[in-house]
Structure formats: C-alpha cells, structure tokens
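Heads up: the structure comes next, in structure tokens.
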Amino acid sequence: MIRDIAQEDKTVFLEMAEEFYSSKAVVHNVDRSVLETIFKVAVSNSPYFRALIIEDRGVSVGFALLSFSFATEVGGPVVLLEDLYIRDECRGKGLGCKFMQFMEHEYPLVKRFRLEVAKENKRAIDLYCKLGFEVLEYVQMVKNI
C-alpha cells in the first residue's frame, strides 16, 4: 500500500530517512534538523511537495518524497522523485516497481518524471533503466542558501 504520510508516521519516517541519508544511495548525509523540516513540510499539504509511506502487509517499509515543477523542454508539468527508500529487508520484492507504477497512475497528465541517483547505486540505476528512465546529459548545479 502507498499512502500519504501522516503525523503519526514521524518516528518511522525519521528512522528511515536517517537510514537513507547515511547510506551509499546518497552523496552526503543530511542533518537531523533538515529531516525534521522535511517532515513538517510533508504534513503541511504543500502544493509543491508530497511525502508518501510505502507499506508491506501493514508495516511501513519505505517512503518517497516528490516535488513538482514545470519543464520547458517538454512543455508541461514534472514530478521529481526526490527520494525513494525501501528498507534493506524489503528490497527485491517489487516494491520499487510498484511505486513507479503508482506514480505514473497518480499523475497521468505529467510530461516528465525525473529523479537523481548516485553513480555508485548500480542496483537503482538498473531498476530505473528497466522502467524506461534515461540518463539526462546535464551537469546539475546547486547553490545552497
């Protein structure tokens, strides 16, 4: 089951987020205060951000964080899959594929789904390629404020 995050998910979300951000799936760790901020936004019904909990047999085993924008290259809305995390013991059960199917079904008018993946995360790259994602040949740049 995939559902919107709720206030009662705070503890499990923060646990999973700390697992995710201390793993090889990300380039750097994220401070706990940032995770707390993410959770506050997640439960605020922001039109720019959505947080989802992934459950397996009623147990929270993962989460996904989405943000929304517009891409001039495709002339339409974009869903950016900011983070997709499934706990180690639940990987290989098809939950990642099910989530991606959910996302496409949930947003049928979107022109592009976009995501980032660490170069070292070969398993995720293989999954995303299998699902039709392609490498976008841009150098991504950021300026944190």
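Residue numbers start at 1 and run along the sequence shown.
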### Task
Please name all residues satisfying salt bridge (charged side-chain N to carboxylate O under 4.0 Å, His left out) with E15, sequence neighbours left out, ordered by chain then number.
R87
### Task
Give the cluster check for M103 versus V117: same hydrophobic cluster or not, with ILVMFWY residues linked at side-chain heavy-atom distances below 4.5 Å.
yes
Please set out all donor-acceptor pairs under 3.5 angstrom arising from side-chain atoms of residues 122-135, sequence neighbours excluded.
{"residue": "K122", "atom": "NZ", "partner": "K119", "partner atom": "O", "Å": "3.3"}

### Query
So which heavy atom on S44 is nearest to which on V41, and how close?
OG-O, 2.7 Å
### Query
In this structure, which one of T11, I54, V12 forms a side-chain contact (heavy atoms from CB on, under 4.5 Å) with S60?
V12
### Query
Got a sec, which residues hit side-chain hydrogen bond (donor to acceptor under 3.5 Å, both in side chains) with K10, two or more places apart in sequence or on another chain?
E36
### Query
According to the salt bridge (Lys or Arg N to Asp or Glu O under 4.0 Å) rule, which pairs have a member within residues 54-71, sequence neighbours left out?
R3-E55, D56-K93
### Message
With salt bridge (Lys or Arg N to Asp or Glu O under 4.0 Å) as the rule and sequence neighbours excluded, what pairs involving residues 95-107 come up?
### Response
R50-E106
### Query
Are L84 and V110 joined in one hydrophobic group, where the rule is that I, L, V, M, F, W and Y side chains link up if heavy atoms are under 4.5 Å apart?
yes
### Query
So, the side chain of N121 versus the backbone of A118: is there a donor-acceptor pair under 3.5 Å, distance only?
no
### Query
In chain order, what residues pass the salt bridge (charged side-chain N to carboxylate O under 4.0 Å, His left out) check against D31, with sequence neighbours excluded?
none
### Summary
By side-chain hydrogen bond (donor to acceptor under 3.5 Å, both in side chains), E73 pairs with (sequence neighbours left out) R112, Y138
### Task
Just jot down the side-chain hydrogen bond (donor to acceptor under 3.5 Å, both in side chains) partners of Q101, sequence neighbours excluded, or say none.
none
### Task
Report the relative orientation of the aromatic rings in F20 and F63; use parallel for angles under 30°, tilted for 30 to 60°, perpendicular for over 60°.
perpendicular
#### Entry: Considering all heavy atoms, the nearest A6-V43 contact
C-CG1, 3.9 Å
### Query
Is L65 reachable from F99 through a run of I, L, V, M, F, W or Y residues, each pair having side-chain heavy atoms under 4.5 Å apart?
no
### Summary
When rounded to the nearest 0.5 Å, the distance separating CZ of F13 from CG of L52 is 11.0 Å
For residues 74-83, dump all side-chain donor-acceptor pairs below 3.5 Å to protein atoms at least two apart in sequence or in another chain.
{"residue": "E82", "atom": "OE2", "partner": "S67", "partner atom": "OG", "Å": "2.7"}
{"residue": "D83", "atom": "OD1", "partner": "Y21", "partner atom": "OH", "Å": "3.3"}
{"residue": "D83", "atom": "OD2", "partner": "Y21", "partner atom": "OH", "Å": "2.5"}

## Note on the structure
Sorted by chain and number, sequence neighbours left out, side chain to side chain contact (heavy atoms under 4.5 Å, CB included) with A42 holds for I5, F49, A51
### Query
With R91, which residues qualify under salt bridge (charged side-chain N to carboxylate O under 4.0 Å, His left out), at least two apart?
D88
### Query
Partners of F68 by ring-ring contact (aromatic ring centres under 6.0 Å, His included), sequence neighbours excluded?
Y107
### Query
Once you round to the nearest 0.5 Å, how far does CG of L95 lie from CD1 of I86?
5.0 Å
